[in-house]
Q: 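Dropping a structure here in structure tokens format, bear with me for questions.
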Amino acid sequence: MINALRGMKDLIFEDALKYRYITDTASSIAQRYGFEFIETPILEETTLFKRSVGESSDIVGKEMYRFTDKGGNDVCMRPEGTAGVVRAFIQAKLDRQQGFKGKFFYFGPMYRYERPQKGRLRQFHQFGVESFGESKVEEDFTLIQMLSDIFDTLGIEYEVLINSLGCPKCMPPYRDNLLGYIKDRADKLCEDCNRRMDTNPIRVLDCKNEKCQEELKDAPRITHSLCEDCNRDFDRLKELLDKSGISYKVDSNLVRGLDYYTKTAFEFVSQNIGAQSSIAGGGRYDRLVEFLDGKPTPGVGFAIGIERIMELVELPQQERRGIYMGAMIDEAVDTIIDIAHKKRQTDKVSVEYTTKSLKAHLKGADRANARYAVIIGEDEYKNDSVMVRDLQQRSDKTVSIDEFVKMS
Ligand code: HAM
């Protein structure tokens, strides 16, 4: 038997319904916030991710599905959605339209060659949004509010963590300061931390090793080193969150796993799903369009991990819907097929081609969760009629085929 690859899951039955329910709910909320649907390719040039997510990140350093295609191109299965949307934004020359504000949402599979465990897959799905051209921190707040709306609508409890990662003015001196602090303690920090010291020292703050966390508890904090602009924006963000009643925690160790962030960074976490508790993450990336050869354009966005919230989502009660059709005698099968096509212009119809007893058909209609069972037996066939059973009201009637086709 051939199984799906390790870390890759089928979305089938309830999971498939939940996937649709989550993406439909999030899409309609994003549209109410003025965002438009965008779809970008799963395969992109490897350089795109190197220059955006960053070579020092675990994602690019260790987790890419990367290969050379038949044309000799170095390509990657996208590990996240932001880079592709930014590329599309620049390719469509939207960065050259002065004052243009582009707001996009997307959903689909992402690929990271991670060690699979609960909540951590190699193919997983994200719902994400990206907002271009708005430098005001009010937009960062609005995205956090949109995420809260999505999770509230889906009935998911969450905690909001926020941080500011500063800007090119205040981040480099902070990084040097932090590097000095961690270099003094290098022998007490784990191998990963020592490697990160050379590639991206702020990522050391994100180490999950308890011993390292203990060593780092008095490390300099970025929130104490922000420049005036970053400080003002961060205060304004907190003010708006306070006013809107969205509770949050400032977590100055929240550095995010991707290199493109500046200023606001945020994560939504759930206490109900185990160790991989981050259900959504995002932030501002004001330099990214420039890094990818576009005209400097501010940006901010987030992505939800759909599989992580699947077990927390309860599907709304499925109402009985549509029509189940079947025949009790072979001669009536073609009539059923003909009526089904006519009814399918307006209704959901499923057809059972095998002739069965009335009882067996009613069982089939029940399993299909249909509202109506429409059956042709010997008598109905002779009289050009059908038997209609309303499975909700539990009532029967016999009507002519013509009348049934016209019935709404
Ligand atoms: P990220 O934090 O890498 O951000 O991923 C966002 C979410 O995807 C995570 O919070 C988590 O729920 C889910 N996720 C990540 N990796 C896995 C995995 N291996 N298995 C299952 N779920 C996973 C981004 O991807 C950024 N592009 C978000 C963003 C958009 N920032 C600005 N705009």
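Atoms within each ligand, like the ligands themselves, are counted from 1 in listed order. Heavy-atom basis, side chains included; hydrogens, waters and symmetry copies ignored. Sequential numbering from 1 along the given sequence is applied to the chain's residues. Since the structure is predicted, the reported quantities are computational estimates derived from the model, not experimental observations.
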Q: Within 45° of the ring axis of Y113 and under 6.0 Å from its six-membered ring centre, is that where the NZ or CZ of R122 lies?
A: yes
Q: So, do F132 and F89 have ring centers that fall under 6.0 Å from each other?
A: yes
Q: Write out the residue and atom name of the closest protein heavy atom to atom 22 (N) of ligand 1, then the distance separating them to 0.1 Å.
A: F124 CD1, 3.5 Å
Q: Is there a polar contact between ligand 1 and L121, counting only N or O atoms under 3.5 Å apart?
A: yes
Q: As a check for students: among Q126, Q276, K118, identify the option with a heavy atom nearest to atom 24 (C) of ligand 1.
A: Q126
Q: Verify salt bridge (Lys or Arg N to Asp or Glu O under 4.0 Å) between R320 and D366, making sure each step is shown before the conclusion.
A: CA-CA 9 Å; R320 286 193 170 278; D366 196 44; 2.3 Å; yes
Q: Under 3.5 Å, is there a donor-acceptor pair between the Y248 and E159 side chains?
A: no
Q: Any N/O of F302 closer than 3.5 Å to an N/O of ligand 1?
A: yes
Q: Using a plain distance cutoff, I'd like to know if R120 has any nitrogen or oxygen under 3.5 Å from a nitrogen or oxygen of ligand 1.
A: no
Q: Under 4.0 Å, heavy-atom basis, I'd like to know which part of P79 is in contact with ligand 1: side chain, backbone, both or neither.
A: neither
Q: Would you confirm whether the ring centroid of F107 sits within less than 6.0 angstrom of the ring centroid of F37?
A: yes
Q: Counting the benzene-type ring for Trp, do F291 and Y260 have ring centres under 6.0 Å apart?
A: no
Q: For atom 31 (N) of ligand 1, which candidate among F266, Y261, Y111 provides the closest heavy atom?
A: Y261
Q: With no hydrogens and no angle check, is any side-chain donor or acceptor of N200 less than 3.5 Å from a backbone partner on S56?
A: no
Q: Tell me which protein heavy atom sits closest to atom 12 (O) of ligand 1, plus the residue, atom name and distance to 0.1 Å.
A: S278 O, 2.8 Å
Q: Heavy atoms only: which of R284, R256, R122 is nearest to atom 1 (P) of ligand 1?
A: R256
Q: Using distance alone, decide if ligand 1 has a nitrogen or oxygen within less than 3.5 Å of any nitrogen or oxygen in E130.
A: yes
